[in-house]
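Scroll down for the structure; my scribbles are underneath it.
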Amino acid sequence: MLAFNGLSPLQLPFPPKYSNCKTKTKQTFSIAAAYSIKTIPQHSIKNNKTIQSLCKQGNLKQALQILSNEPNPTQQTYELLILSCTQQNSLSDGVIVHRHLIDDGFDQDSFLATKLINMYTEFNSMDNALYVFDKILDKTIFVWNAIIRGFALSAHGEEALSLYYSMNQIGMPSDRFTYTYALKALVVSSPSISLIQKGKEIHGHILRHGFESYVHTMTTLMDMYARFGCVSYAKYVFVKMPEKNVVSWSAIIACYAKNERPVEALYLFWEMMSETFDVVPNSVTMVSVLQACAALSALGQGKLIHCYVLRRGFDSTLPVMNSLVNMYLKCGSLYIGQRIFDQMGKKDIVSWNSMIAGYTINGYGKEAVELFRDMIQNGVSPNIITFVSVLGACSHAGLVNEGKQIFDSMTRQHKVVPTVEHYACMVDLFGRAGRLDEAAKIVEGMRIEPGPTVWGSLLGACRIHCNVELAERASVRLFQLEPVNAGNFVLLAEIYAAAKMWEQVSKVKKLLEARNLQKVPGCSWIEVKRKIYSFVSIDELNPQMEQLHALLIHLSSEMKEKGYVPDTRVVLYELDQVEKERILLGHSEKLAVAFGLINSGRGETIRITKNLRLCEDCHSVTKFISKFTNREILVRDVNRIHRFREGFCSCGDYW
DNA sequence: ATAGGGTTAG
């Protein structure tokens, strides 16, 4: 049988009475079972009743006192005692009850074993839970389910799975609970390709054994696919589900929102609202829908959802409020987001983190750091995410010393151990500020293995400051760690291109071709009159393409008269100047800007989101357009929000 | 006796 590593936290001296459980026969169990129904003296019956009612009142200590002098507790009494220990959150009392239970010969009672396993699971004490499991001979489906559930809930996916497989091996048939726990176990296992395969196998078992009509099991199955990024499988399960409730709808919406398909998430939400009258969204649904709005900078949709939230009274639900704050901040509506944040009665770490990150992406680094200090003043402990956000704020605002100081305070003051991401932030902090030597020193002095994010930050810094030599060093490591990430190769090629090292540029491109790697295509989204439109570079299928292109060409020639020179460095193909410029004009964000100009009302702010970093040429073109057309244009790229107004960008050309 | 979906960063 599987052994769980680690000592029992309480070092239970088991078993005091039946010193050799393994040799016990089934007979012992039936004796124990019989014991619970044997006639017991009148005062014992009274004691049992007293213990039970004390447990129900939450007076565990007194119940335990009576228990210690009572030789005949019943199964029901033990059940209530165990439940009470869980409710009182007392592991040590739980162990006391467990010992008594063994002394009284209930250690082969599978009902109580299940209860004990569940109790130990609540306390995250899986060593003890496994102890109970190992000792119980009559392993009923409840016992099996309880132990698998316990390991799955405590994020020990591998242990849970291995138990699931041993259960199969001994021929114990799974039920719908077993499948849900096994699927949960997959989700919490350490990432591996084979997990998806195992998930599909479990899917097969579920179908073969006729469990496909259980909503709970199928929703978990869907969620498993969603978490592994298998969106089409999740959708398949969803479509096949005979009965869909608010949870299954929320799960599929969350699936799309989390897997970079926010447009479909919104589409599903409206489908849910219009096509099914018996399914009403709840606060959990709202969170995923708002996440989708945030991802798209779809302010119109977001405001509509906000109204719905108010109408349904979800504005007292913390996660919903956090999602609203996040949505407004991601849409660049700093003022509204800030106001909601200020007016929130309750705030948790997520609220603070969202607001800090919101200041950062909107270009308010100093305010982000101030809010970080406020948060500590308010007695809220920062976590890993807080530091990623606040260090990001420092690096975007060029607050190098501030960042250094905060990084030091992480371990010293706040007992948060820096992860690779935090080192990446530090590399970015020094790198952006042009202090590449110090950035490189950070990498050398790391206590943990620098991952791809760290080398990536360094390479990014080299791109900003055109440092070919360091870029080459960083990319050697980066290419080893991420051999199939085309973005890294493109970054290096851009650095060579900036240094006019054309031979090297073509070498990198050949490397890309040889490995058959493709750049992630640029994609931009824009919301006009509450409808979402998406653009990819030079999209022949777009019916308005000619019109968009004509407008861009017109704007481009106007700009050239005013001294604009197209920045073709990002075009890595060997083409003549005219062709390069044509490709540049086809960048998805330019198309989205042109679309916004044509289709939205005069004076309306144009809001765009894109999946990559904004290129230099698009940046200068959008600056120009904002002035020329007297429009405010917001573009959110992967890093931050650029607010273009009257020829200037809020990022101060530093991004 | 046991069960499903949600928020923040990169």
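Scope of the values below: all heavy atoms of this structure, side chains included, with no hydrogens, waters or symmetry mates. Convention: sequence-line order gives letters A, B, ...; per-chain numbering from 1. These numbers were taken from a predicted model, which means no experiment stands behind them.
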Check the orientation of A/Phe479 and A/Phe489. Use parallel for under 30°, tilted for 30 to 60°, and perpendicular for over 60°.
parallel
Would you check if A/Tyr214 and A/Thr219 make a side-chain contact, meaning some heavy-atom pair closer than 4.5 Å?
no
Verify the contact: side-chain N or O of A/Asn326 to OP1 or OP2 of B/dT8, cut-off strictly under 4.0 Å; return yes or no.
yes
Send over the distance from A/Ile253 CD1 to B/dT7 P, rounded to a whole Å.
13 Å
Looking at A/Tyr423, A/Phe430, A/Phe387, which hits ring-ring contact (aromatic ring centres under 6.0 Å, His included) with A/Phe407?
A/Tyr423
Would you say the ring centers of A/Tyr256 and A/Phe238 fall short of 6.0 Å from each other?
no
Provide, to the nearest angstrom, the distance between the CG atom belonging to A/Asn353 and the P atom belonging to B/dT8.
11 Å
Within-4.5 Å side-chain heavy-atom neighbours: A/Trp352 and A/Asp374:
yes
Atom-to-atom span, CG of A/Asn322 to P of B/dA9 - whole angstrom:
11 Å
Can A/Lys135 be said to sit on top of A/Tyr131's aromatic six-ring, NZ or CZ under 6.0 Å from centre and within 45° of the ring axis?
yes
Once you round it to whole Å, what is the distance between C1' of B/dT8 and CE of A/Met375?
11 Å
Could you check how far CZ of A/Phe387 sits from P of B/dA9, rounded to whole Å?
16 Å
Once base and sugar-phosphate atoms are separated, protein heavy atoms under 4.0 Å mark nucleotides 1-6 of chain B, 5' to 3', with B, S and - as BBBBBB
Heavy atoms under 4.0 Å, any strand shown: does A/Lys347 hit a base, just sugar-phosphate, or nothing?
nothing
Return the value, rounded to whole Å, for the distance between atom CH2 of A/Trp352 and atom P of B/dA9.
17 Å
